[in-house]
K.L.:
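Here it is, the structure, as structure tokens.
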Amino acid sequence: MIPEGCDKVLLHACCAPCSSAIVEWLMANGVRPTIFYFNPNIWPREEYEIRKNESKRHAEGLGLDWIDGDYDHGAWRTGVCGLENQPERGLRCEQCFTLRLTQTALKAQELGFRYFATTLASSRWKSLEQIERAGHVAEKAAPGTEFWAQNWRKGGLQERRNQLLKENHFYNQQYCGCEFSARNGANTKPLLRAQMREAKKQHQAQLAKMSEELVQIILHFLASHLNHQPSAISHQTILAYWPLPDEVDIRPLIDQLVGQGIKVVLPKVTGDETMELRRYTSCADLQEGAFHIMEPVGEAFDAYDQIDFALVPGMAFDAAGHRLGRGKGYYDRFLSAHRHIYIIGVCFPFQRVAEVPSEEHDVMMDEVIS
């Protein structure tokens, strides 16, 4: 329910996906939100910047005012000191909400806003009671403001959130952002992803050189194995991938394979959980698709039993062949249905780790080249 006389609100935004349906609903009901992005709990800094930029992109796309709060992770850690080992929905979470909403209330007071609200209340993983208590503590710190306590999970907003996430290709994080949440809970996969993103950043200057070396190693591996296949080389089929900027750049390898007469197919995302394959013959076959990945638009390929090898990127791999993907599960679902394919994980050397957290549905690699 909209508070009486409310035509504008300072909306604390935790991320673009959680904000999207709420902002749409507010605007449809005559309330113009100003977005306040204040989330010093998010760790590491790279994760924070990704979420911040997505929030800004979303707001600016709608012509809304967007305010960048300070990122003082050290101050936030001081604020939750002694609560590091608290479970999710414990005292640390409520203190975190209080810190963030108090700054929101103070910003609302500074700007002359009577009402402030938060998109934190849209997450089913958060306690609405904790958020409401934090909001009322915050309003007391900023006289003249009122916390708009709203359950943003109702009225179809969760479903609409998921639709807008896909339509806008938002980065969809897999954990709340708190380092203690990642370390103390079952979120070891998101934490490892964050660590790998940091590692890629540190090795940025070496990625191109490492890619060149890995292309030669993969070519040698494929040549030695393809020569032992009973069928002619022109009948070989390899499932490859078109690399993102932070993945091993196998584009020269792909073109070389095609030049040798090997059939190369690339994945194309077709829905929430599925991908299809299409034939690659040249760069002319590509256009930007889901998640800003270049995808094939050429001839459809469904002769899955003809695929000999799959080159699969990942965030991390271990010696046992476990792979950590980006969290969407496309490769796991596809490859689990086609067990005959020899799966080759491809990564930079620093992406080899002692152990990758694994679940029953995760597909293991037959080989990892790094």
Side-chain angles (χ1 to χ4, degrees), residues 210-244 247-269 273-281 293 295-296 298-326 328-349 351-353 355-370:
M210 285 190 279
S211 289
E212 292 176 5
E213 295 171 353
L214 285 167
V215 163
Q216 296 306 312
I217 295 173
I218 298 170
L219 271 172
H220 178 76
F221 176 89
L222 291 175
S224 62
H225 283 71
L226 289 172
N227 288 339
H228 291 90
Q229 297 294 320
S231 55
I233 194 168
S234 61
H235 294 157
Q236 303 292 338
T237 300
I238 293 177
L239 167 59
Y241 66 92
W242 199 260
L244 288 169
E247 293 176 337
V248 176
D249 186 356
I250 63 168
R251 290 175 295 177
L253 168 69
I254 291 173
D255 288 329
Q256 188 164 338
L257 292 174
V258 170
Q260 293 175 359
I262 297 173
K263 186 180 295 184
V264 174
V265 294
L266 299 176
K268 176 180 175 62
V269 172
E273 299 184 349
T274 59
M275 67 182 193
E276 65 182 19
L277 305 183
R278 291 183 177 270
R279 180 95 181 255
Y280 171 88
T281 57
I293 299 173
E295 295 184 335
E299 174 189 346
F301 180 87
D302 60 6
Y304 304 134
D305 60 329
Q306 296 179 13
I307 300 175
D308 300 290
F309 297 95
L311 301 176
V312 180
M315 295 296 289
F317 297 85
D318 64 22
H322 296 114
R323 167 185 174 270
L324 177 70
R326 294 181 183 266
K328 301 297 182 181
Y330 291 107
Y331 278 107
D332 288 317
R333 282 187 289 273
F334 179 83
L335 294 170
S336 64
H338 306 287
R339 296 285 187 177
H340 72 281
I341 301 174
Y342 193 88
I343 309 171
I344 305 169
V346 179
C347 68
F348 297 109
Q351 292 177 274
R352 295 290 290 265
V353 298
E355 183 179 1
V356 169
S358 62
E359 299 173 69
E360 186 176 349
H361 63 266
D362 293 332
V363 173
M364 294 182 65
M365 306 293 101
D366 296 296
E367 191 91 22
V368 177
I369 295 179
S370 60

K.L.:
Name the atoms and distances for all side-chain donor-acceptor pairs under 3.5 Å in residues 311-322, with sequence neighbours left out.
P.N.:
| unit_1 | atom_1 | unit_2 | atom_2 | d |
| --- | --- | --- | --- | --- |
| Asp318 | OD1 | Ala320 | N | 3.1 |
| Asp318 | OD1 | Gly321 | N | 3.1 |
| Asp318 | OD1 | His322 | N | 2.9 |
| Asp318 | OD1 | His322 | ND1 | 3.4 |
| Asp318 | OD2 | His322 | ND1 | 3.1 |
| Asp318 | OD2 | Val356 | N | 2.9 |

K.L.:
May I ask you to decide whether Glu299 forms a salt bridge with Lys263, counting only side-chain N to carboxylate O separations under 4.0 Å?
P.N.:
no
K.L.:
So does His220 have more than 12 non-hydrogen atoms from other groups sitting under 6.0 Å from NE2?
P.N.:
no
K.L.:
What residues form a side chain to side chain contact (heavy atoms under 4.5 Å, CB included) with Asp255, not counting sequence neighbours?
P.N.:
Tyr280
K.L.:
For Asp332, enumerate each residue passing the side chain to side chain contact (heavy atoms under 4.5 Å, CB included) test, keeping only those at least two apart in sequence or located in another chain.
P.N.:
Arg323, Asp362, Val363
K.L.:
So, does Gln306 use its side chain to make a donor-acceptor pair with the main chain of Ala303 at under 3.5 Å?
P.N.:
no
K.L.:
Within a strict 4.5 Å, meaning less than it, do heavy atoms of the Leu222 and Leu257 side chains meet?
P.N.:
yes
K.L.:
Identify the heavy atoms of Pro267 and Glu295 that sit nearest to each other, and give their distance.
P.N.:
O-CG, 4.2 Å
K.L.:
Quick one: closest heavy-atom pair of Lys268 and Pro296, and the distance?
P.N.:
CD-O, 3.6 Å
K.L.:
Pro357: what forms a side chain to side chain contact (heavy atoms under 4.5 Å, CB included) with it, not counting sequence neighbours?
P.N.:
Thr188, Lys189, Leu192
K.L.:
Indicate the ring-plane relationship of His338 and His340, choosing parallel, tilted or perpendicular according to the 30° and 60° boundaries.
P.N.:
perpendicular
K.L.:
Are side-chain heavy atoms of Leu244 and Arg326 found at a separation under 4.5 Å?
P.N.:
yes
K.L.:
Mind checking salt bridge (Lys or Arg N to Asp or Glu O under 4.0 Å) for Arg352 and listing every partner two or more places apart, or none if nothing turns up?
P.N.:
none
K.L.:
Evaluate the side-chain contact (heavy atoms from CB on, under 4.5 Å) criterion for residues Ile254 and Ile238: first the C-alpha distance (whole Å), next the side-chain angles of each, then the deciding distance (0.1 Å), finally the verdict.
P.N.:
CA-CA 9 Å; Ile254 291 173; Ile238 293 177; over 6 Å; no
K.L.:
Side chains of Tyr304 and Asp302: does their closest heavy-atom pair fall under 4.5 Å?
P.N.:
yes
K.L.:
With sequence neighbours excluded, what pairs up with Glu367 under the side chain to side chain contact (heavy atoms under 4.5 Å, CB included) test?
P.N.:
Phe221, Tyr342, Ile344, Ile369
K.L.:
Closest heavy-atom contact between Leu214 and Val248?
P.N.:
CD1-CG2, 3.7 Å
K.L.:
Under 4.5 Å between any side-chain heavy atoms of Leu253 and Leu219, yes or no?
P.N.:
yes
K.L.:
Could you walk me through whether Phe301 and Ile307 pass the side-chain contact (heavy atoms from CB on, under 4.5 Å) test, one step at a time?
P.N.:
CA-CA 10 Å; Phe301 180 87; Ile307 300 175; 3.8 Å; yes
K.L.:
Rounded at 0.5 Å granularity, tell me how far CD in Glu213 sits from OG in Ser370.
P.N.:
11.5 Å
K.L.:
Are the side chain of Gln351 and the backbone of Phe348 linked by a donor-acceptor contact shorter than 3.5 Å?
P.N.:
yes
K.L.:
Measuring from Cys347:SG to Met365:CE, what's the distance to the nearest 0.5 Å?
P.N.:
10.5 Å
K.L.:
Give, for atom CD1 of Ile262 and atom OG1 of Thr237, the distance between the pair rounded to the nearest 0.5 Å.
P.N.:
9.0 Å
K.L.:
How about Tyr241 and Tyr331: are their ring centres within less than 6.0 Å of each other?
P.N.:
no
K.L.:
Are Glu212 and Gln216 side-chain neighbours, meaning at least one heavy-atom pair lies under 4.5 Å?
P.N.:
no
K.L.:
Is the backbone N or O of Asp249 less than 3.5 Å from a side-chain atom of Ser211, with the two atoms forming a donor-acceptor pair by type?
P.N.:
yes
K.L.:
Distance from Met275 atom CE to Phe334 atom CZ, nearest 0.5 Å?
P.N.:
5.5 Å
K.L.:
If I take atom CG from residue Leu266 and atom CZ from residue Arg279, how far apart are they, to the nearest 0.5 angstrom?
P.N.:
11.0 Å
